[in-house]
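Convention: sequence-line order gives letters A, B, ...; per-chain numbering from 1.
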Amino acid sequence: MLEKTFRPADVEAPLYSLWEAAGAFAADRDSSKPPFAVMIPPPNVTGTLHAGHALDMTLQDVLVRWRRMQGHDVLWQPGTDHAGIATQLVVERMLRAEGTSRLAIGREAFIARVWAWKEQSGGSITNQLRRLGASLDWGRERFTMDAGLSAAVREVFVTLHRQGLIYRDRRLVNWDPEFGSAISDLEVESREVRGHLWYLRYPVADATGEFVTVATTRPETMLGDSAVAVHPEDTRHAALIGRQVVLPLTGRLIPVVADTYSDPEKGTGAVKITPAHDFNDFEVGQRHGLAMPQVLDGQARIVLADIEEQLRAVEGVADPEFVRSLAGQSREAARIAMIAEMERLGLLDRVEPHTHQVPHAERGGAIVEPRLTTQWYCDAKRLAAPAMAAVQQNRMQFVPRQWENTFFAWMRDIQPWCISRQLWWGHRIPAWYGADGEVFVAHDEAQAQAQAAAHYGAPAELTQDPDVLDTWFSSALWPFSTLGWPQRTPELQRYYPTSVLVTGFDIIFFWVARMIMMGLHFMNEVPFRTVFLHGLVRDEQGRKMSKSLGNGIDPLEMIDQYGADALRFAVCSMTGLGRDARLGARRVEESRSFVTKLWNAARFCEMNGVRPATGFDPHVARHPLSRWIIAEAQQAAADANAALEAFRFDDYASSAYRFTWNRYCDWFLEFAKPILSSSVHPEAGDVRAAAAYALGLILRLLNPVMPFVTETIWADLGYGERGDLITTAWPIGDDGLQDEAVSREIDWVVRFITEIRTVRAEMNVPPARMAPVLLRDAHAATVERAQSWSEAIGRMARVSEVGVLEGEMPRGAAQLVLEEATLVLPLEGLIDLEAERSRLQREDGRLLAETEKAERKLANPDFVARARPEIVEETRARVQGFRNDRARLQAALRRLD
RNA sequence: GGGCGCGUAGCUCAGCGGUAGAGCACUGCCUUGACAUGGCAGGGGUCACAGGUUCAAUCCCUGUCGCGCCCACCA
């Protein structure tokens, strides 16, 4: 027996264990079923489940459970990501709390510490995925830093290096001075900052009293200036080109160069060039062969090594002592001091407020500093071409399609990918250096030693590159590295390319694009056939969920409070194509109501002897109710399936919801009540079997999204063993079960009941007051139909009897028109004649407006001539219908007099 | 500056050439033996605005306004 209320907490964990123990989640590579593979976007190993995961994982689980029921051999690959920076930061914070630091304990101890932290906290995220109900094949769980995946990373690095697709380069990178590491372009976000524009005067050498004024938002970089650039066609500055200016403070002489980079519209038209600290200036510097002195170190503090020797005093312009006093100061402090000094020297022309975009590190928020360093790069441009071709040729597709444009736009213009990070936690770069700087890239140190020995002709002392790889480097290999690559495993053979990738659009560049590039390069095939991109989870006000706003909902709290099924259903029903999902506790609560509704419907069925009938053939159901609900169920199954095929999770949820609540519960069970509660009704067996059939279909339909409650009901009502709904066949819509005559009949009865309810409610007839309904002008078949449904009509519309009006119109009766018949409800004393008159007139008015609208159309010769014939015909029929109804309404009005 | 998306009922959204829909919220009635996490009924929308295409536009096209996001850009 089902309990009075469904208690998710009681069933979720045991049921999950049961599934897992039974091997229901395990892929079976030897089966003859068609494979269906999905790779989990690996969450951070030390992370916790947030709303975004709840969305992403629920959608994947729905797809995977649906395909499993359809008879696919499903592999949903679990695993976690080592998340370089994020994890390192967490552990560093822990060390700080203990009064020590990464540097104090050293690299080896630090890494050991991170591993320990991973062992300790690494299970939480996966356990939280279990709580959500995610049917991952845990036996195959992987970690981006496990031995196998690390080997894959080294293999890829070595191969790409050999192919010239990975190389070292000295150029400007985006540098995060707080982490002391390079970061990729993608990890930089520009934020609008209200700052200042300082206009600085640079004295022209050999021309006392002449200045060229430059505008800058970053005066502290002027120490590293190596030129002033003006536009070659800018007449204002033409005379200066080729001459020298004295760089204030330092006394260095720097040239004025002509370069089209300079924009006459901006600032003064003359721009200071600091090649080592600005991407544009770097290019100008290269074009003009300028020096590239660095004046900021890895922590963005002033460093003078590159310019120390050039410092010289110039009266009223430069003072080496002042410049030396800046050494070691932060860029912010130096800025203040330098502006003050410039002002003192009378070289600060003016200051303007200025709002501009400043690059910040996405993680951590530090202001990013362009910095000249040697880093490892991946030639993304060459890898991008095959990836774009694959999408163009439809070898894989994005859903929704519009994301392909975003993908192409980025790929066309892709920049070299900086893959080295000055961190400790991650895949150490497999490169070793000889004392002379010679580079040996190899799978391991022994191999590198061998290379070195061959190179030098003798064994040599080597040092490994201290850097690690960008976390996304290993993520990019995920679809094949998890399947055992570089070994040619049976799994790789069977599941690659995978079927679908489900992820957020925010990591198209970070992850999706790179998987496509790596997959094509190393596997010669796309990593997935379809990539479904969903939106972000937002709060109920549409704001991005964030820790700082504190507006995030905690999925685990939602599960505790409402159950995993409710959370999953809420998420699913909010996922339309290409839209963000707004998730609040209210939505989850609403979904919990649906879980409860289903539970109660099942309980009602159970109480009334509804049990799955073995060998029941829906094609031979006799009773109209049976035939009707079977047909409706088929339709719902077909709709739900089509929705899932199209990744319309919202439509899937709503078609299952509407069928369950608005068809099965509201009408079918209500109609069926007397039959179901009877032990002697001749059709009881037939209707019970149909009820059981439809309920079973509901359970199967909803299982992918609400696995716990459906599985529980499934077992308790005897559809199967506990835990086997997950592997039961998905319902397939069968058109052969549609029955138009029956659906017209039920539809008519539904309208009959609804109309009467409406009139009674409008006339404020007390529900307890039963009243007869008398048919007027009805066909014999209609009368017969009404009488055959009189029991249901009586109960559901509070009707005492269904009869035929003979003789006089009773006094004080309400009337309503249903097709050819007029229904008369004698309610003397209960209805206000005037109210009834105005009700009928209002209805008549509404019909009149509709009629006129349609008639105007038909009066238009162009409409009749050009519209599709069936539309014209339909319009004519509508007019006829309106006219008939109005005639009956007007007759009813006359009878009131 | 370039691009993408979105403006439909109080809220969240669906619909996308021919009768404007759902859920929630709201109002009224109902402790009817599955369910008050419920039932029944109801009110509520110049489908952002302006042009155009069409026999017909919420839906297609153009423009305007508003909102969001992505890319580029520290003069």
*asked:* What contact category does A/V271 fall into here, base, sugar-phosphate, or nothing, at under 4.0 angstrom with non-hydrogen atoms?
replied: base

Check the distance between [N]'s [atom2] and [X]'s [atom1] and give it to me in whole angstrom.
X	N	atom1	atom2	answer
A/L567	B/U37	CG	C1'	17 Å
A/E873	B/G18	CD	P	18 Å
A/R769	B/C40	CZ	C1'	19 Å
A/I713	B/C35	CD1	P	15 Å
A/E589	B/C11	CD	P	21 Å
A/E3	B/U37	CD	C1'	17 Å

*Are A/K853 and A/F882 in a cation-pi setup, meaning NZ or CZ lies under 6.0 angstrom from the ring centre and within 45 degrees of the ring axis?*
no

What distance, rounded to whole Å, do you find between the two [atom1] atoms, one in [N] and one in [M]?
N	M	atom1	answer
B/C16	B/C59	P	13 Å
B/G10	B/G43	C1'	12 Å
B/A9	B/A20	P	15 Å

*Are A/E590 and A/R592 close enough for a salt bridge, meaning some N to O gap below 4.0 Å?*
no

*asked:* So if I take every side-chain heavy atom of A/L197 and compare against B/C35, B/A75, B/G38, which nucleotide ends up nearest?
replied: B/A75

*Contact under 4.0 Å: A/K597 side-chain N or O vs B/G39 OP1/OP2*: yes

*Passing candidate, ring-ring contact (aromatic ring centres under 6.0 Å, His included) with A/F594, options A/F659, A/F6, A/Y657*: A/Y657

*For the pair A/F407 and A/F398, name the ring-plane relationship: parallel under 30°, tilted 30 to 60°, perpendicular over 60°.*
tilted

*Answer with yes or no whether A/T596 presents, from its side chain, a donor or acceptor under 3.5 Å of a partner atom in the base of B/C35.*
no

